[in-house]
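As structure tokens, the structure follows; a few thoughts come after it.
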Amino acid sequence: MNLSKSLYIRGLQCVKSLWLRKYNKDVLTTPVSSAEAISETGNEVGSLACQLLTRTWQALLEYCKLDTLAMVKVLNRLKEVLWMSKKEEEIKKAVESIKKLIFNDEVQSVLSNISNNLMEFNILEITGMGHHEIRHSNMLGWLFDDSEHNLEYEILDGFLKAIITENSEDSNSQPDILDKLQSYIYLAQYKKNITIYREKNNIDLLIVDESNKVVVTIENKIFATERTTGETDDGQLSKYEDIVNNKYPSKTDDEKNGYDKYFIFLTKNLDEPQKGKEYWMRASHQMVADVIKSIISKKEDLSIKTKLVLESYIDLLKRRGIVEVKELEELANKIWSNKDYKKALETLYEYKPDIQTTISKHLQDVLRGETTEEMKYISDYINFESSSKSFIRFSDKAFDNLEDQDKGQGWNSNISKILVYEFNNLADRLSLDLIIGPSKSEASDFREKLYNIKLDSKYYGKAKRFNKDKKSWPRMLKIPINIEHINELEEDEIKEKLNNFLLNFFKEEVGDFFKIQKKVIKSLELKSGGQTGA
């Protein structure tokens, strides 16, 4: 059998679909004229994707908060939408708006100017550092240390000096703390012996100078915000204060062995910390960039490697909008202020691959059985149900014979089951819920029986009071899926953590999926005298 690339891929996805396409394609009901029109438009989108991989486009799209390394994926998402429910006319309009943006002399001129403000080659950008707060903190640790670049703590000292200047004008400043810090910078009693810890007790940067008994705590916020709730009522910063104070007693408590301690809240915009018992000094990444630029301009003996890294970091801060660059801002505004160009950029941004898209696609692949051999067995136990980016649904095959399970009605999608699992994939949280969905009126008693089942579970449930006369959608349980620092993880790392959850949940015979299954069936058998369905 001779197979084209598209047929080969179809065969990998579904052997039956391949056979039908090859030998009985009339049963595949997509109208020929519509399919050809969609395919033609899709190819046009693919062609535009290739044209976006130029240096000038990288410059614009990076500064406009778009991930250039994902631009092909962005336009491929547009192509995928052609096979979804959106109208073909809308897609064509979107493609036309992007073409207007690309094939325009004014835009190309602006892009060239933007490109000239940025490095052509940025080694830090290649590593994907721009998106990851943890990697920025690692970089700061390297800059503030003296292990490789041999700058004698000049960057750290310059940064601390800028903090003193900034906070001396602050109405909340504590002059004695600033005076002590200034004395340490200029009049350190001993040669500095600094150790920099990264993510010790979740603290971004902990700088400890044992020779001079000084501790500097830095909380680095670029893309995330300060957590004001959590393990303590006083919030994230107070928790870090307690950790540092317990580990490093103050000089007032122990003049001989005690430490002077300084707490720094590092943000893009010099934000005020919301909570904290100690005095947190404000700092910005612009301060770091200014110190680095000053050193580059003054130091003629910098090694090539050191200079490349320093310049690359400043360039990265520009690209990500972490520091202000007026020239770039003015150039980007010229693009965004034009309504035609703005529409094109908004379209690209709408279909930009994000964490929710990654999670949704991976979960759907696993539930369909389109995954690794290790996980394919999961699809044997479940029915994949109609899903979206935010809600990925499946039902337990063991429930198919329960009375009235097939009388679901009123879902926002084409689902005929009542008891359905649902991954709730929202921007700020991910959970797996067991939902009692809406139904035909004759199944209201069945829904009430489900609601009254008490699951022996460590998870919480019962979203709202059950009323069988209303189309409420109560949940029997909710399983939070907490993935730490998810915004800073690579796609493969996110998939690995999702796989760990799924393998534990679907662990044969002993996973929560099977425990819930047995409890539901047994409870209904007891309520119905042993009859759970046909």
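Residue numbers run from 1 in the order of the sequence given. Just so you know, these numbers use all the heavy atoms, side chains as well, and skip hydrogens, waters and symmetry mates.
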| message | Please enumerate all residues that pass side chain to side chain donor-acceptor pair (under 3.5 Å) together with Gln517, with sequence neighbours excluded. | response | Asp396
| query | Does any non-hydrogen side-chain atom of Arg368 lie less than 4.5 Å from one of Lys376? | reply | no
| Hey, which of Leu206, Val208, Ile243 is the one that makes side chain to side chain contact (heavy atoms under 4.5 Å, CB included) with Thr217? | Leu206
| said: With side chain to side chain contact (heavy atoms under 4.5 Å, CB included) as the test, pick out the partner of Ile207 among Asp145, Val215, Leu140, Leu156. | reply: Leu156
| field | Residues that Thr195 engages under side-chain contact (heavy atoms from CB on, under 4.5 Å), provided they are two or more places apart | value | Tyr197
| Would you call Glu403 and Lys449 a salt bridge, taking side-chain N to carboxylate O under 4.0 Å as the test? | yes
| query | Would you call Tyr259 and Glu210 a side-chain contact if the rule is heavy atoms closer than 4.5 Å? | reply | yes
| Do Glu241 side-chain atoms and Glu278 backbone N/O form a donor-acceptor pair below 3.5 Å? | yes
| note | In terms of heavy-atom contacts, Lys239 and Asn202 come closest through NZ-ND2, 4.1 Å
| task | Work out which heavy atom in Phe399 is nearest to a heavy atom in Ile521; give both atom names and the distance. | result | CE2-CG1, 4.1 Å
| query | Out of curiosity, Leu426 CG to Ser431 OG, how far, rounded to the nearest 0.5 Å? | reply | 7.0 Å
| task | Quick one: list whatever passes side-chain contact (heavy atoms from CB on, under 4.5 Å) with Lys518, sequence neighbours left out. | result | Glu509
| field | Any Glu508 side-chain heavy atom under 4.5 Å of Tyr381 side chain | value | yes
Only distances under 3.5 Å count here; give the side-chain donor-acceptor pairs of residues 498-505 to other protein atoms, sequence neighbours excluded, each with its distance to 0.1 Å.
residue : atom : partner : partner atom : Å
Asn499  : OD1  : His362  : NE2          : 2.6
Asn499  : ND2  : Lys495  : O            : 3.4
Asn500  : ND2  : Glu496  : O            : 3.4
Asn504  : ND2  : Asn500  : O            : 3.1

| query | Any donor and acceptor pair, going by atom type alone, linking the side chain of Asp204 with main-chain N or O of Asn220 inside 3.5 Å? | reply | yes
| remark: Residue set satisfying side-chain contact (heavy atoms from CB on, under 4.5 Å) with Ser386, at least two apart, ordered chain then number -> Ser413, Ile415
| note | All heavy atoms of Tyr248 vs all of Lys200, minimum pair found to be OH-NZ, 4.1 Å
| request: Taking only Lys NZ, Arg NE, NH1 and NH2, and the carboxylate oxygens of Asp or Glu, determine whether Lys397 and Asp400 approach each other closer than 4.0 Å. | output: no
| message | To the nearest 0.5 Å, what is the distance between OG on Ser444 and CG on Asp404? | response | 9.0 Å
| message | Once rounded to the nearest 0.5 Å, what's the spacing between atom CG of Leu205 and atom CZ of Phe144? | response | 7.0 Å
| query | Are the aromatic rings of Tyr279 and Tyr262 close, with centres under 6.0 Å apart? | reply | no
| Val520 and Leu402: which non-hydrogen atoms are nearest, and at how many Å? | CG1-CD1, 4.3 Å
| field | Aromatic centroids of Phe506 and Phe513 separated by under 6.0 Å | value | yes
| field | Pair Phe423-Ile481, side chain to side chain contact (heavy atoms under 4.5 Å, CB included): steps then yes or no | value | CA-CA 10 Å; Phe423 282 101; Ile481 304 172; 3.8 Å; yes
| request: Would you indicate whether Glu442, at its atom CD, is surrounded by more than 12 heavy atoms from other residues, nucleotides or ligands within a distance under 6.0 Å? | output: yes
| task | Report the residues that fulfil side chain to side chain donor-acceptor pair (under 3.5 Å) with Asp271, sequence neighbours left out, ordered by chain and then residue number. | result | none
| message | Any non-hydrogen side-chain atom of Ser390 less than 4.5 Å from a side-chain atom of Gln356? | response | yes
| said: Quick one, Met476 and Leu419 - any side-chain contact, counting heavy atoms below 4.5 Å? | reply: yes
| query | Do Tyr421 and Glu385 have side-chain atoms, one donor and one acceptor, less than 3.5 Å apart? | reply | no
| Does Phe265 have any ring pair (Phe, Tyr, Trp, His ring centres under 6.0 Å) partners at least two apart in sequence or in another chain, and if so, which? | none
| Pair Tyr313-Leu143, side chain to side chain contact (heavy atoms under 4.5 Å, CB included): steps then yes or no | CA-CA 10 Å; Tyr313 186 60; Leu143 292 169; 3.9 Å; yes
| Asp406: what forms a side chain to side chain donor-acceptor pair (under 3.5 Å) with it, not counting sequence neighbours? | none
| request: Just jot down the side chain to side chain donor-acceptor pair (under 3.5 Å) partners of Ser360, sequence neighbours excluded, or say none. | output: Gln364
| Rounded distance (nearest 0.5 Å) linking atom CG of Asn482 with atom NZ of Lys497 | 11.5 Å
| remark: Taken to the nearest 0.5 Å, the spacing of Arg447 CZ from Ile436 CD1 works out to 7.0 Å
| task | Kindly determine whether Ile359 and Thr357 satisfy side chain to side chain contact (heavy atoms under 4.5 Å, CB included), including the steps that lead there. | result | CA-CA 5 Å; Ile359 291 173; Thr357 302; over 6 Å; no
| So do the side chains of Phe159 and Ile218 get within less than 4.5 Å of each other, counting heavy atoms only? | yes
| said: Within this structure, what is the OG1-CD1 distance for the pair Thr267 and Ile264, rounded to the nearest 0.5 Å? | reply: 12.0 Å
| query | Can you name the closest pair of heavy atoms from Ile392 and Lys389 and give their distance? | reply | CD1-O, 3.7 Å
| message | Under 4.0 Å between a side-chain nitrogen and a carboxylate oxygen: does that hold for Lys522 and Glu525? | response | no
| Backbone N/O of Leu237 and side chain of Glu219: donor-acceptor pair under 3.5 Å | no
| field | Donor + acceptor pair across side chains of Ser439, Gln409 (<3.5 Å) | value | no
| note | Across all chains, not counting sequence neighbours, the ring pair (Phe, Tyr, Trp, His ring centres under 6.0 Å) partners of Phe391 are none
| request: State which residues pass ring pair (Phe, Tyr, Trp, His ring centres under 6.0 Å) with Phe446; sequence neighbours excluded, sorted by chain then number. | output: none
| said: Ser284 vs Lys268, test: side chain to side chain contact (heavy atoms under 4.5 Å, CB included). Steps then yes/no. | reply: CA-CA 5 Å; Ser284 72; Lys268 291 166 54 177; over 6 Å; no
| request: Examine distances only and state if a side-chain atom of Ser387 and a backbone atom of Arg393 form a donor-acceptor pair shorter than 3.5 Å. | output: yes
| Is any side-chain heavy atom of His285 less than 4.5 Å from a side-chain heavy atom of Leu266? | yes
| field | Residue list, ring pair (Phe, Tyr, Trp, His ring centres under 6.0 Å) with Phe263, at least two apart or on another chain | value | Trp280
| query | With no hydrogens and no angle check, do the side chains of Ser250 and Lys261 hold a donor and an acceptor under 3.5 Å apart? | reply | yes
